[in-house]
Amino acid sequence: EDQVTQSPEALRLQEGESSSLNCSYTVSGLRGLFWYRQDPGKGPEFLFTLYSAGEEKEKERLKATLTKKESFLHITAPKPEDSATYLCAVGGSEKLVFGKGMKLTVNP
Amino acid sequence: NAGVTQTPKFQVLKTGQSMTLQCAQDMNHNSMYWYRQDPGMGLRLIYYSASEGTTDKGEVPNGYNVSRLNKREFSLRLESAAPSQTSVYFCASSLLEGRVEKLFFGSGTQLSVL
């Protein structure tokens with residue numbers, strides 16, 4: 001059974017304080033790993049797809065990396081507008097499996 | 001571009017009432033999905049449709065039915081609502097990217113069953 005665990009469940013940062021979010025997974029044959037951002041009252045919005053260990057992708061202050069067991073979403077010098085819930089999902093043997101999400105709050 | 005459109009945005013039902021959640025996508029995607037999102041549970045797949053005319057159960061299908069009306073539309077029906085079905089419901093469509101489906105979500109329906 002494919003499984004995804006995100007940690008921490010919630011994180012509070014000061015503006016400019018860099019940090020990383022973790023997504024650990026176990027799958028039978030990774031087809032792809034996704035990061036989504038979800039704002040309150042809205043649906044998840046696509047950020048990144050990673051396909052194989054060693055792959056990295058960047059968008060503004062966000063950088064996603066992938067190993068054989070986990071993915072990290074690095075946030076560099078975050079701003080209050082980066083506050084959201086970040087979801088990780090993996091495609092393995094069956095349909096996408098989502099983690100429970102990580103709520104990030106960035107204080108000004 | 002509208003993307004994935006869900007209606008209604010909010011709904012309150014009494015136990016035993018029925019209702020249908022509507023979803024439409026304008027991206028010409030073959031596959032469509034219904035998820036529910038509960039606090040501390042993450043997104044869970046209720047039903048999906050790989051193509052027009054086909055539907056399959058997901059992780060939590062009990063108490064729900066679906067209809068893939070055409071390529072654009074995928075509806076979710078609650079025949080006899082129960083308080084356990086209080087949740088936020090998301091419709092999604094997908095594009096195959098490499099060997100994995102990339103999901104595009106609607107804005108959700110917040111459903112309360114009293």
Side-chain angles (χ1 to χ4, degrees), chain A residues 1-10 21-55 57 59 64 66 71 84-103, chain B residues 1-10 21 23-25 27 29-50 54-61 87-111:
Chain A
E1 183 181 334
D2 300 341
Q3 292 186 334
V4 178
T5 302
Q6 290 188 247
S7 61
E9 292 184 2
L21 316 180
N22 176 264
C23 172
S24 299
Y25 64 90
T26 54
V27 294
S28 301
L30 180 68
R31 293 181 289 121
L33 183 143
F34 293 95
W35 282 98
Y36 284 85
R37 170 189 171 129
Q38 185 174 21
D39 292 304
K42 296 189 177 181
E45 179 182 341
F46 170 80
L47 289 174
F48 303 108
T49 311
L50 301 167
Y51 294 104
S52 58
E55 190 174 359
K57 291 200 175 166
K59 179 181 180 180
L66 182 65
S71 177
T85 296
Y86 292 85
L87 307 177
C88 172
V90 293
S93 58
E94 299 178 354
K95 293 297 176 187
L96 286 185
V97 175
F98 283 83
K100 295 179 180 180
M102 201 248 26
K103 184 176 181 179
Chain B
N1 267 348
V4 179
T5 303
Q6 290 183 237
T7 55
K9 282 193 168 296
F10 301 95
L21 280 63
C23 175
Q25 53 96 7
M27 295 175 282
H29 291 164
N30 287 321
S31 298
M32 297 185 72
Y33 309 78
W34 277 104
Y35 285 88
R36 61 179 289 173
Q37 187 176 43
D38 302 291
M41 298 291 290
L43 283 162
R44 292 183 292 169
L45 182 63
I46 304 172
Y47 270 93
Y48 66 98
S49 170
T54 69
T55 61
D56 286 288
K57 295 178 180 179
E59 181 185 355
V60 288
S87 186
V88 181
Y89 291 85
F90 289 100
C91 177
S93 65
S94 71
L95 176 68
L96 190 62
E97 192 173 88
R99 297 183 298 131
V100 67
E101 308 84 10
K102 176 179 174 180
L103 295 177
F104 298 81
F105 288 88
S107 58
T109 296
Q110 188 167 323
L111 175 67

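The structure displayed is predicted, hence computed values, not measured ones. Numbers restart at 1 for each chain; the letters A, B, ... are given by sequence-line order, proteins then strands.
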* Sort B/Leu45 into side chain, backbone, both or neither according to what part of it lies under 4.5 angstrom from a heavy atom of chain A. => side chain

* **Student check: side-chain heavy atoms of B/Ser94 and A/Leu96 closer than 4.5 Å** => no

* After noting the C-alpha distance and the side-chain angles of B/Phe105 and A/Phe46, does the key distance pass the ring-ring contact (aromatic ring centres under 6.0 Å, His included) rule? -> CA-CA 9 Å; B/Phe105 288 88; A/Phe46 170 80; over 10 Å; no

* Per-residue contact mode, B/Lys9 against chain A (heavy atom under 4.5 angstrom) -> neither

* Under a 4.5 Å heavy-atom cutoff, which of A/Pro44, A/Gly101, A/Gly41 has the most pairs with chain B? -> A/Pro44

* **Distance (rounded to the nearest 0.5 Å) between B/Ser107 OG and A/Glu45 CD** => 12.5 Å

* Side chain from CB out, backbone as N, CA, C, O: work out which of these in A/Lys42 comes under 4.5 Å of a heavy atom of chain B, or both, or neither. => backbone

* Check each atom of B/Gln37 against the heavy atoms of chain A and say whether the ones under 4.5 Å are side chain, backbone, both or neither. => side chain

* Got a sec, which pairs hit salt bridge (charged side-chain N to carboxylate O under 4.0 Å, His left out) with one end in residues 33-42 of chain B, sequence neighbours left out? -> B/Arg36-B/Asp38, B/Asp38-B/Arg44

* Pick one of side chain, backbone, both or neither for A/Glu9, based on which atoms fall under 4.5 Å of a heavy atom in chain B. => neither

* To do: Considering non-hydrogen atoms only, spot the tightest contact between A/Gly43 and B/Phe90 and give its length.
  => CA-CE2, 3.3 Å

* To do: State whether the number of non-hydrogen atoms from other residues, nucleotides or ligands found under 6.0 Å of A/Lys100 atom NZ is greater than 12.
  => no

* Max heavy-atom pair count under 4.5 Å with chain A, selected residue of B/Met41, B/Lys102, B/Gln110 -> B/Lys102

* Asked: Which residues from residues 27-37 of chain A are near chain B, with near meaning under 4.5 Å between non-hydrogen atoms?
  -> A/Leu30, A/Arg31, A/Gly32, A/Phe34, A/Tyr36

